[in-house]
Amino acid sequence: MRLPGHAHRRQPDDIVIGPLDLAARVDEALAVQAVAFGLGPDEVAVRRQIVLRHMTYPGARAIGATTAERLVGFVYGMPNDRTHWWSTVVEPYLRAQAYDDWLDNSFVITELHVLPQYQNRGVGRSLITTITDGAAEPRSILSAIDIESPARGLYRSLGYQDLARQVLFPSAPKPYAVMGAPLPLRRRSGQRRR
């Protein structure tokens with residue numbers, strides 16, 4: 001998939017969305033995440049080990065957004081498993097809202113990051129719809145910082161709804177929201193892919 005560039009920005013004309021060998025390009029992807037999410041070197045080192053472990057899980061896959069010069073965004077995820085750390089943290093919050101069944105038969109978006117200069121160009125939308133289009137599961141879940149942000153707006157526009165809010169992860173300074181959406185995700189103008 002190619003996304004046209006914007007002439008008013010001094011960016012390459014094309015962004016290519018496609019499969020990403022995340023284990024091989026983990027440092028490049030984490031450099032994107034560090035800029036997009038404001039991570040320091042110690043946090044990147046911890047996340048590097050997490051990403052490499054995640055990519056060994058059954059069904060884990062990644063999609064990248066690249067220009068001729070570099071990786072500018074990525075998403076990765078996997079079929080959810082209640083025994084994974086993330087699920088064990090969010091399960092009590094989801095259970096309290098009667099949504100803990102969302103932990104079963106769902107594709108979890110583990111990370112989605114786009115460099116700031118490439119945001120608001122449809123890159124994040126293309127990444128998340130591309131990865132979920134390949135999911136065998138009937139729904140998708142994710143967590144996002146629980147503030148009104150462009151990311152939360154994107155997720156809502158795709159059909160994600162809040163399942164639980166004020167979710168506290170150990171060592172995370174801000175609470176998160178867990179969001180879920182049926183697949184396929186909504187396209188522009190509220191349409192779903194058929």
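Excluded from the calculations below are hydrogen atoms, water molecules and symmetry mates; all remaining heavy atoms, backbone and side chain alike, are included. Quantities reported herein were computed from a predicted structural model and do not represent experimental measurements.
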Report the distance from atom [atom1] of [X] to atom [atom2] of [Y], rounding to the nearest 0.5 Å.
X	Y	atom1	atom2	result
Asp133	Leu183	CG	CG	8.5 Å
Leu142	Ile128	CG	CD1	5.5 Å
Leu94	Asp101	CG	CG	9.0 Å
Asn105	Glu137	CG	CD	6.0 Å
Leu185	Ile131	CG	CD1	11.0 Å

All ring pair (Phe, Tyr, Trp, His ring centres under 6.0 Å) counterparts of Phe107, not counting sequence neighbours: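 Phe107: no ring pair (Phe, Tyr, Trp, His ring centres under 6.0 Å) contacts found.
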Can you confirm whether [X] sits close enough to [Y] that some side-chain heavy atom of one is under 4.5 Å from a side-chain heavy atom of the other?
X	Y	result
Ile63	Phe74	no
Arg82	Thr88	no
Val75	Leu20	no
Arg47	Phe37	yes
Ile15	Thr66	no
Leu30	Val51	yes
Arg70	Val32	no
Trp86	Val178	yes

Are the side chain of [X] and the backbone of [Y] linked by a donor-acceptor contact shorter than 3.5 Å?
X	Y	result
Ser106	Val108	no
Asn80	Leu103	yes
Arg61	Gly134	yes
Tyr99	Met179	no
Ser126	Val123	no

Heavy atoms only: give me the nearest [X]-[Y] pair and the separation to one decimal.
X	Y	answer
Ser140	Trp102	O-CZ3, 3.7 Å
Ile17	Ala65	CD1-CB, 3.5 Å
Gly124	Leu154	C-CD2, 4.0 Å
Pro182	Gly159	CD-O, 4.3 Å
Ala36	Pro116	CA-CD, 4.4 Å
Val89	Pro92	O-CD, 3.3 Å

Test side chain to side chain donor-acceptor pair (under 3.5 Å) applied to Asp146 - qualifying residues, sequence neighbours left out: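 Only Arg152, Arg165, Gln166 meet the side chain to side chain donor-acceptor pair (under 3.5 Å) criterion with Asp146.
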Any donor-acceptor N or O pair under 3.5 Å, side chains Asp81, Ser87: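 Side-chain D/A pair, Asp81 to Ser87: absent.
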More than 12 heavy atoms of other groups within 6.0 Å of Gln161 CD: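 Not more than 12 within 6.0 Å, no.
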Qualifying ring pair (Phe, Tyr, Trp, His ring centres under 6.0 Å) pairs, either residue in residues 125-152, two or more places apart: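 For residues 125-152: none.
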Pairs flagged by ring pair (Phe, Tyr, Trp, His ring centres under 6.0 Å) wherever residues 126-161 is involved - sequence neighbours left out: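 Sorted pair list: Tyr155-Tyr160.
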Residue pairs passing the side-chain hydrogen bond (donor to acceptor under 3.5 Å, both in side chains) test where at least one lies in residues 15-41, sequence neighbours excluded: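 Pairs touching residues 15-41 that pass the test: Arg25-Glu28, Asp27-Arg48, Gln33-Glu111, Gln33-His113.
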Val167 vs Ser143, side-chain contact (heavy atoms from CB on, under 4.5 Å): CA-CA, chis, key distance, verdict: CA-CA 9 Å; Val167 175; Ser143 55; over 6 Å; no
Pair Thr67-Asp14, side-chain contact (heavy atoms from CB on, under 4.5 Å): steps then yes or no: CA-CA 6 Å; Thr67 65; Asp14 289 326; over 6 Å; no
Arg156 and Glu148: CA distance, side-chain angles, deciding distance, side-chain contact (heavy atoms from CB on, under 4.5 Å) verdict: CA-CA 11 Å; Arg156 282 192 193 98; Glu148 292 310 311; 2.9 Å; yes
side-chain contact (heavy atoms from CB on, under 4.5 Å) between Thr110 and His54, intermediate numbers included: CA-CA 9 Å; Thr110 308; His54 283 167; 3.7 Å; yes
Please report, to 0.1 Å, the donor-acceptor pairs under 3.5 Å made by any side chain of residues 169-176, with sequence neighbours excluded.
none

